[in-house]
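Structure first, then comments.
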Amino acid sequence: MQKDKFYREIENKHHPKEKLVPTHCSYCGMQCGMNLRVDTDSNKIIGVEPRYDFPVNLGKMCPKGVTAYQQTNHDDRLLRPLIREDASKKGTKEGFREASWDEAYDLIARKFKELQNNYGKDSLSVFSGVSMTNEKCYLTGKFARVGLQTRYIDYNGRFCMSSAAAGFMRSLGVDRGSTLPWTDIHQTDCLFIAGSNTAECHPTSMFRVWEVQNRGGYLIVADPRETPIARRADVHLDLKPGTDLALANCMVNLLIQQGFADEAFIREHTNGFEETMEVVKAFTPEYTSEITGVAPEKLIRAAEIYGKAPNAVVLFARGIEQQHKGTDNVSAYTNMCLVTGKIGRPKSGVATFTGQGNGQGGREHGQKADALPGYRKITNPKHVQEVCSVWGITPEEMPQPGVSAYEMFELMTEKTIRGLYLLCSNPAVSAPNQNFVRAALKSLDFMVCCDMFLSESAEFADVVLPSVTWSEDEGTVTNLEGRIIKINKAQEPLGESKPDWQIQVELAERLGRGQYFRHLTTASKVADEFRLASKGGYADYYGATWDKIEKQNGVFWPCRDEQDQGTPYMFLDKKFYHPDGKAKICALPYRPPAEEPCEQYPLRLTTGRVVYHYLSGNQTRRIPFLRDMCPEPFVEVHPETAKLYGIEHEETVRLYTRRGEAYFKVKIIEAIRKDTVFVPYHFGHEQSINLLTIAALDPMSKMPEFKACAAQIEKLADGTKGALL
């Protein structure tokens with residue numbers, strides 16, 4: 001805190017016409033602390049400075065973070081509502097004209113009412129995102145169920161954190177992304193990281209990872225690619241994409257066989273051990289090696305290191321979660337902690353690297369198809385009654401559960417869903433099987449999109465409403481540890497753009513549902529209702545007032561009342577959230593990927609991020625430095641595979657699957673398996689790798705299998721090199 005104060009004083013001395021606004025980054029779940037520089041003459045954001053007082057990143061920032069401020073006053077910002085006049089140009093940037101807010105609202109209200117009068121309340125849908133504040137996420141759920149009175153709402157976290165949520169719920173009885181604070185990570189003795197390219201996706205975590213090794217601890221990484229973090233690992237488990245469940249079962253089997261099981265902890269605090277032991281005993285190192293491609297000696301060594309470590313943390317990310325068995329993968333890796341008793345204490349536990357900025361809070365407060373604020377279930381009458389008492393409706397008025405994100409697109413093609421209210425999401429890039437998804441968006445009778453930029457998804461809309469960036473509003477978000485933090489407003493909204501919560505309040509009035517929303521005139525008033533609505537739920541935020549968050553530099557949920565200081569460590573009392581207080585060690589038979597390689601499609605395709613871009617790239621592809629550093633997608637190919645196909649570095653090839661094709665430059669690299677190719681997913685239109693990915697869904701989380709499908713490469717007849725076709 002003193003160091004941050006010192007830098008603040010220096011800044012004000014040298015730049016008397018500037019002020020620093022403390023806040024947090026707009027991108028990933030690290031939510032790194034930063035200070036936005038604001039010119040006091042123009043009241044515009046002009047830069048960023050480190051913030052040393054926030055304990056998660058301690059002044060460190062990544063390339064995205066240091067340029068995030070450039071979104072706010074970008075030339076591409078939407079400044080007024082847009083209305084499409086030429087329906088034949090849906091799916092393009094053409095055919096829009098500027099309009100007033102009144103005209104846009106009147107059109108939306110008229111079209112939404114017509115659809116519901118003709119086809120029922122559930123003919124409308126809401127698809128939202130979790131790069132918004134908790135307050136906006138909360139209000140979006142209320143707007144869908146009370147303002148539009150529809151059952152169909154889901155969110156882009158379905159493609160990001162849903163398997164972690166379902167796995168933690170099943171294993172631990174509650175979904176908080178980390179059982180311990182991030183400030184413990186570097187103090188542990190062993191990090192077991194599965195399916196996370198941490199150095200590129202969460203780079204401000206890396207100083208803690210390196211510190212573990214500097215202190216004499218160990219790093220184990222499970223990943224098909226030799227990523228920067230895998231290169232430094234003590235053991236790199238280079239498995240085939242989609243085979244994590246076999247690897248995790250082998251780890252549990254070896255931990256038991258090598259004598260590392262904590263029998264007292266298992267007996268007193270868990271269920272399911274005997275059944276799990278029966279399932280995993282088949283996963284010997286030799287058998288697991290046949291499935292995963294990982295050498296038996298690596299598997300044995302990894303289990304020995306983790307088992308012997310006095311303290312250890314298991315971490316994972318989308319690599320294990322974005323599979324059609326992602327929930328099983330999460331529970332299987334969590335089994336490692338439960339079998340050894342390395343959970344519910346400092347320096348040991350399990351955590352997921354949250355992808356989106358509010359990936360944790362955004363899934364807790366009512367945007368999921370079956371969820372209500374506080375992580376309540378819409379199928380639980382008691383939970384429904386508690387929320388209805390806050391919203392001022394009767395339980396009979398609460399819509400039934402909806403369906404998951406991809407299933408909503410299926411209902412669009414069937415004309416069950418005819419209208420869409422889309423905000424803070426870009427499914428025309430981020431959803432799997434893009435040819436199908438884009439056709440679904442085009443089939444809608446009427447679509448509204450709220451965004452700060454004209455995204456690829458906004459190109460399908462009939463009305464586009466200009467929303468603000470994160471720095472033009474205030475509220476809370478919840479980072480990857482479960483720490484609730486405060487986003488502070490640094491600049492007034494650009495042009496006529498408005499915060500999403502305000503748009504929803506004003507739309508509700510036009511739809512004749514204003515009595516449930518008109519009292520919410522500021523973000524802080526939304527926050528007060530949101531905290532009340534979460535009170536008593538699993539994710540209880542009631543005691544996390546904005547004042548407390550500021551004083552404590554964040555508050556870990558649950559935080560139940562004014563006296564409660566929050567919960568940095570989960571399960572210190574060894575009481576889990578299942579009714580009997582015990583955790584569940586899950587017996588999980590192995591299932592292969594939904595689509596295995598064959599003669600026609602002999603390669604395994606996997607996808608992921610690069611350090612310079614974020615999610616669908618709607619923000620980062622507009623930032624000059626980030627765009628220059630990674631201007632286009634590429635396909636990583638092992639040298640021996642490239643030789644087999646006669647492919648050269650930088651040559652453009654056709655990559656295709658059963659769902660589609662795209663053209664990418666080749667990056668020949670040894671840091672990938674010979675049977676695997678990798679493409680980053682941040683790019684739109686015909687550069688989107690999700691034209692090729694499969695929509696096989698996890699039966700519990702409904703997560704699509706982004707990380708594994710069968711593919712083939714084709715060398716172009718003319719040997720094209722250079723720019724993409």
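Because the structure is a prediction, the values reported are computed rather than measured.
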Any ion pair linking R301 and E297 (charged N to carboxylate O, less than 4.0 Å)?
no
So, F664 versus F634, ring centres under 6.0 angstrom or not?
no
Going by distance alone, is a donor N or O of one side chain under 3.5 Å from an acceptor N or O of the other, for E705 and H324?
yes
Which pair of heavy atoms, one from S289 and one from P296, lies closest together, and at what distance?
OG-CD, 3.6 Å
I need the minimum non-hydrogen distance between N335 and T276, along with the two atoms involved.
ND2-CG2, 4.1 Å
Please confirm whether the backbone N or O of Y218 pairs with a side-chain atom of Q213, one donor and one acceptor, at under 3.5 Å?
no
Row check, F207 ring normal vs K60 NZ/CZ: under 6.0 Å, within 45°
yes
Using salt bridge (charged side-chain N to carboxylate O under 4.0 Å, His left out), reason through E268 and K582 one step at a time and then give a plain yes or no.
CA-CA 8 Å; E268 296 169 17; K582 293 187 176 184; over 6 Å; no
Side chain of N329, backbone of D244: donor and acceptor closer than 3.5 Å?
no
If you take all heavy atoms of T327 and G167, which pair is closest and at what distance?
CG2-N, 3.6 Å
Yes or no on salt bridge (charged side-chain N to carboxylate O under 4.0 Å, His left out) for D328 and R591, after CA distance, side-chain angles and deciding distance?
CA-CA 10 Å; D328 285 355; R591 290 182 287 137; 3.2 Å; yes
Within the distance-only criterion (no hydrogens, no angle test), does the side chain of Q31 pair as donor or acceptor with the backbone N or O of C28 below 3.5 angstrom?
yes
Going by atom types alone, do N311 and Q187 pair a side-chain donor with an acceptor below 3.5 Å?
no
Aromatic contact between F683 and H613, with the criterion being ring centroids under 6.0 Å apart: yes or no?
yes
Using the ring of W210 (Phe, Tyr or Trp, six-membered ring only), decide whether R232 places NZ or CZ under 6.0 Å from its centre and within 45 degrees of its axis.
yes
Report yes or no: does R345 contribute a side-chain atom to a donor-acceptor pair with the main-chain N or O of Y569 at less than 3.5 Å?
no
May I ask you to decide if the ring planes of Y577 and F571 are parallel, tilted or perpendicular, using 30° and 60° as cut-offs?
perpendicular
Can a donor-acceptor pair be found, under 3.5 Å and without considering hydrogens, that links the side chain of K347 to the backbone of V313?
no
Centres of the F436 and F409 rings: under 6.0 Å?
no
In terms of heavy-atom contacts, S171 and C586 come closest through OG-SG, 3.9 Å
Is the ring centre of W557 less than 6.0 Å from the ring centre of Y375?
no
Determine whether R363 and D175 satisfy the following criterion, salt bridge (charged side-chain N to carboxylate O under 4.0 Å, His left out), listing intermediate values before the conclusion.
CA-CA 10 Å; R363 67 184 187 259; D175 163 34; 2.5 Å; yes
Determine the minimum heavy-atom distance between P680 and I689, stating which atoms define it.
O-CG2, 3.8 Å
For I713 and V637: C-alpha separation, side-chain torsions, deciding distance, then whether side chain to side chain contact (heavy atoms under 4.5 Å, CB included) applies.
CA-CA 10 Å; I713 278 182; V637 182; 3.8 Å; yes
Taking the basic N atoms (NZ, or NE/NH1/NH2) and the acidic carboxylate oxygens, is any pair closer than 4.0 Å for D580 and K575?
no
Would you call K665 and E651 a salt bridge, taking side-chain N to carboxylate O under 4.0 Å as the test?
no
Is the closest basic N to carboxylate O distance between K240 and D675 below 4.0 Å?
no
Are N156 and Q356 close enough, and set up right, to give a side chain to side chain donor-acceptor pair (under 3.5 Å), and what steps lead you there?
CA-CA 9 Å; N156 65 8; Q356 295 187 69; 2.9 Å; yes
Kindly indicate, with the supporting measurements, whether the criterion side chain to side chain contact (heavy atoms under 4.5 Å, CB included) is fulfilled by L691 and E686.
CA-CA 8 Å; L691 290 164; E686 298 316 301; 3.8 Å; yes
Might you point out which heavy atoms bring L247 and Y333 nearest each other, and give the distance in Å?
CD2-OH, 3.6 Å
With side chain to side chain contact (heavy atoms under 4.5 Å, CB included) as the test, pick out the partner of C250 among L299, V280, T284, V294.
L299
Relative to each other, are the rings of F353 and H202 parallel, tilted or perpendicular (30° and 60° limits)?
tilted
Ion pair R659/E595, N-O distance below 4.0 Å
yes
Please evaluate residues Y306 and M251 with respect to the criterion side chain to side chain contact (heavy atoms under 4.5 Å, CB included), reporting the C-alpha separation (whole Å), side-chain torsions for both, the decisive distance (0.1 Å), and the verdict.
CA-CA 9 Å; Y306 178 85; M251 288 297 104; over 6 Å; no
If only atom types and distance count, is the side chain of T352 paired as donor or acceptor with the main-chain N or O of T354 below 3.5 Å?
no
Pairing of K298 and D238 as salt bridge, 4.0 angstrom limit
yes
Any salt bridge between E407 and K702, counting N to O under 4.0 Å?
yes
Heavy-atom side-chain proximity of Q323 to P704 below 4.5 angstrom
no
Can you spot which of Y681, F159, Y406 makes a ring pair (Phe, Tyr, Trp, His ring centres under 6.0 Å) with F706?
F159
Enter the distance from T567:OG1 to F556:CZ here, rounded to the nearest 0.5 Å.
9.5 Å
Given R208, which of I185, L191, D184, T198 fulfils the side chain to side chain contact (heavy atoms under 4.5 Å, CB included) condition?
I185
Could you tell me whether the side chains of S404 and R158 share a donor-acceptor contact shorter than 3.5 Å?
no
Is any side-chain N of the basic residue among E321 and R318 closer than 4.0 Å to the acidic one's carboxylate O?
yes
List the steps and the verdict of salt bridge (charged side-chain N to carboxylate O under 4.0 Å, His left out) for R609 and E200.
CA-CA 7 Å; R609 296 190 190 184; E200 293 199 70; over 6 Å; no
